[in-house]
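Below are the structure tokens for one structure; questions will follow.
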Number of protein chains: 2
Amino acid sequence: MQDIDAIDRTILSILSREARIPMKSLAGRIGLSRSATTERVTRLEKAGIIRGYRADIGQLEEGQIQAFLLVTLQRTPSIGVLDRLAGFSSVRKVSSVSGQLDLVVEVEVGSINALNELRNEVATMDNVEDLTTSIVLRRGIERS
Amino acid sequence: MQDIDAIDRTILSILSREARIPMKSLAGRIGLSRSATTERVTRLEKAGIIRGYRADIGQLEEGQIQAFLLVTLQRTPSIGVLDRLAGFSSVRKVSSVSGQLDLVVEVEVGSINALNELRNEVATMDNVEDLTTSIVLRRGIERS
DNA sequence: CATGCATCCGGCAATATGCCGGTTGCACCG
DNA sequence: CGGTGCAACCGGCATATTGCCGGATGCATG
């Protein structure tokens, strides 16, 4: 196969909300046999469309702190910085964005100290011009 | 049960990366019987610690646009705004943060037009003082 | 010491999965 | 045209996993 057709889209949308659903039930919902469904899912996994399956943990571990690092670079693109950020285990997600900012980095650390250290490391990276840290006080909704 | 002990933590950390793992294998890894493991997982689900299981979709749907709305409020707390934001289906995640900003809102829309409309709606909400929109150009790593 | 309760274990029937051979529709080619 | 290859589908059987018990154990409580 090659392109993602309507059936694949349905599969993705179902799995993105109910990842532990049995293949048989999934097959039932999309109107295919179990084996065909499994084949499609396997393909999607191998193609990297489905990266994995995650439990959605609602409540943070005690003492875990989430924060956003809002980064402005001296010059874009951000060669190197992205890779170096990915090297930190506390970095959860990095997005390159348009506008005044260049990067939005979501991090999760065990303490304010750890956050400060991380912040300093990132701030002193080559090419980083400005860095604002916003600690997450409260999580609202979270979908998908 | 009541508090989340070390075993629960292990369960969460395993499930947050491999949500489709069979309970039997999970049990093997943490050194408990299958039934005890299933019980714990069920408890975690009912307690809302595990909110659900999601397939991690790597590639965005064609034409889908992600963006961050960085919101400053006139006065905090943000009574009302959080709820109203949650009402938009395109809003993926809302975080209350400290610092100059008050809210970081992650959204995903089908078009720039839709983003603009959303932006306008949020900007004209009562209590919203300032709003910066940053479109995601590229997604870097994403963990957990 | 009895009672209640949380937690654990193992077992059996019901279900789901992995793996296979077989069918179908279709494009391609001598 | 018939033959070949291929992608996608189906169903079936052996094996693995789950749901759903009953029962053991440790522990706090009256």
Side-chain angles (χ1 to χ4, degrees), chain A residues 1-64 108 110 139 142-144, chain B residues 1-64 108 110 139 142-144:
Chain A
M1 96 137 216
Q2 175 72 304
D3 21 80
I4 293 163
D5 62 16
I7 298 181
D8 289 320
R9 258 178 251 283
T10 309
I11 291 177
L12 290 176
S13 102
I14 292 176
L15 285 182
S16 71
R17 313 208 162 270
E18 300 166 67
R20 280 193 68 101
I21 190 180
M23 284 302 132
K24 196 192 179 187
S25 317
L26 180 58
R29 286 217 223 163
I30 63 179
L32 275 187
S33 75
R34 181 182 63 83
S35 11
T37 306
T38 306
E39 256 181 66
R40 276 173 180 268
V41 171
T42 305
R43 249 185 276 121
L44 291 168
E45 289 168 353
K46 290 204 173 142
I49 314 280
I50 295 178
R51 293 196 202 174
Y53 303 95
R54 318 259 113 90
D56 181 357
I57 311 300
Q59 198 171 303
L60 292 176
E61 302 269 337
E62 194 97 23
Q64 285 296 89
E108 186 170 330
R139 286 168 70 175
E142 186 154 359
R143 296 196 183 91
S144 172
Chain B
M1 91 131 212
Q2 174 70 302
D3 22 79
I4 293 160
D5 63 15
I7 298 180
D8 289 320
R9 259 177 253 282
T10 310
I11 291 176
L12 291 175
S13 103
I14 293 176
L15 285 181
S16 70
R17 313 207 163 270
E18 301 166 68
R20 281 193 69 99
I21 190 180
M23 284 303 129
K24 197 192 179 187
S25 317
L26 180 58
R29 287 216 222 163
I30 63 178
L32 274 186
S33 75
R34 181 183 64 84
S35 9
T37 306
T38 307
E39 256 181 66
R40 275 174 180 268
V41 171
T42 306
R43 250 186 274 122
L44 290 168
E45 290 168 351
K46 290 203 175 143
I49 314 279
I50 295 176
R51 293 196 201 175
Y53 303 94
R54 316 263 117 91
D56 181 358
I57 310 300
Q59 200 172 301
L60 292 176
E61 301 272 337
E62 196 94 24
Q64 284 298 88
E108 186 171 330
R139 286 168 68 175
E142 186 152 3
R143 296 197 184 90
S144 169

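In this text the structure is predicted, and so the values were computed from the model without any measurement. Letters go in sequence order (proteins before strands), and every chain restarts at 1.
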Next item on the list: For residues Arg40(A) and Leu32(A), report the shortest heavy-atom separation together with the two atoms involved.
Entry: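 It is NE-CD1, 3.6 Å.
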
Margin query: Whether Arg20(B) contacts dT17(C) is assessed here as follows: a side-chain N or O lying under 4.0 Å from the phosphate OP1 or OP2. Is that the case?
Written below: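 It does, given that an N or O in the side chain of Arg20(B) lies less than 4.0 Å from OP1 or OP2 of dT17(C).
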
Check: To the nearest angstrom, how far is Arg40(A) atom CZ from dT17(C) atom C1'?
Finding: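 Going from CZ in Arg40(A) over to C1' in dT17(C) covers 19 Å.
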
Next item on the list: Output the single nucleotide from dG11(D), dT17(C), dG10(C) whose closest atom is nearest the side chain of Pro22(A).
Entry: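 Nearest to the side chain of Pro22(A) among the choices is dT17(C).
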
Next item on the list: Measure from CZ on Arg34(B) to C1' on dC9(C) and round the result to the nearest Å.
Entry: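 Rounded to the whole Å, the gap is 11 Å.
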
Next item on the list: Look at the side chain of Ser33(B) and the base of dG10(C), then say whether one donor and one acceptor between them are separated by less than 3.5 Å.
Entry: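 No pair found.
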
Next item on the list: Return no unless some side-chain N or O of Arg43(B) is found under 4.0 Å from OP1 or OP2 of dT7(C).
Entry: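 Affirmative; the distance criterion is met.
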
Check: Rounding to a whole Å, what distance do you find between Lys24(A):NZ and dC9(D):C1'?
Finding: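 One finds 18 Å between C1' of dC9(D) and NZ of Lys24(A), rounded.
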
Margin query: Can you measure Asp5(B) atom CG to dA6(C) atom C1' for me and round it to whole angstrom units?
Written below: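 Nearest whole value for this atom pair: 12 Å.
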
Next item on the list: Find which nucleotide of DNA chain C each of Ser25(A) and Thr37(B) is nearest to by heavy atoms, and output the residue with the more 5' nucleotide.
Entry: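 Result: Thr37(B).
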
Item checked: Gap between atoms CG and P, on Leu44(B) and dA6(C) respectively (whole Å) ->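 Spelled out: CG on Leu44(B) to P on dA6(C) is 16 Å.
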
Check: Just by modelled atom types, is the Ser16(B) backbone N or O under 3.5 Å from a matching donor or acceptor in the Arg54(A) side chain?
Finding: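 Yes, Arg54(A) side chain to Ser16(B) backbone: donor-acceptor pair under 3.5 Å.
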
Notebook entry, point to check: For Glu39(A) and Thr38(B), take the nucleotide of DNA chain D holding the closest heavy atom to each; which residue's nucleotide lies nearer the 5' end?
Noted result: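 So the residue in question is Glu39(A).
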
Checklist line | Whether Arg34(B) side chain and Met23(B) backbone form a donor-acceptor pair below 3.5 Å | finding: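 The answer is no, because no donor-acceptor pair under 3.5 Å joins these two groups.
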
Check: Taking CE from Met23(B) and P from dG11(C), how many angstroms apart are they, rounded to a whole number?
Finding: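 Atom-to-atom, Met23(B) to dG11(C), this comes out as 21 Å.
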
Next item on the list: Please step through side chain to side chain contact (heavy atoms under 4.5 Å, CB included) for the pair Thr37(A) and Arg29(A), ending with a clear verdict.
Entry: CA-CA 10 Å; Thr37(A) 306; Arg29(A) 286 217 223 163; over 6 Å; no

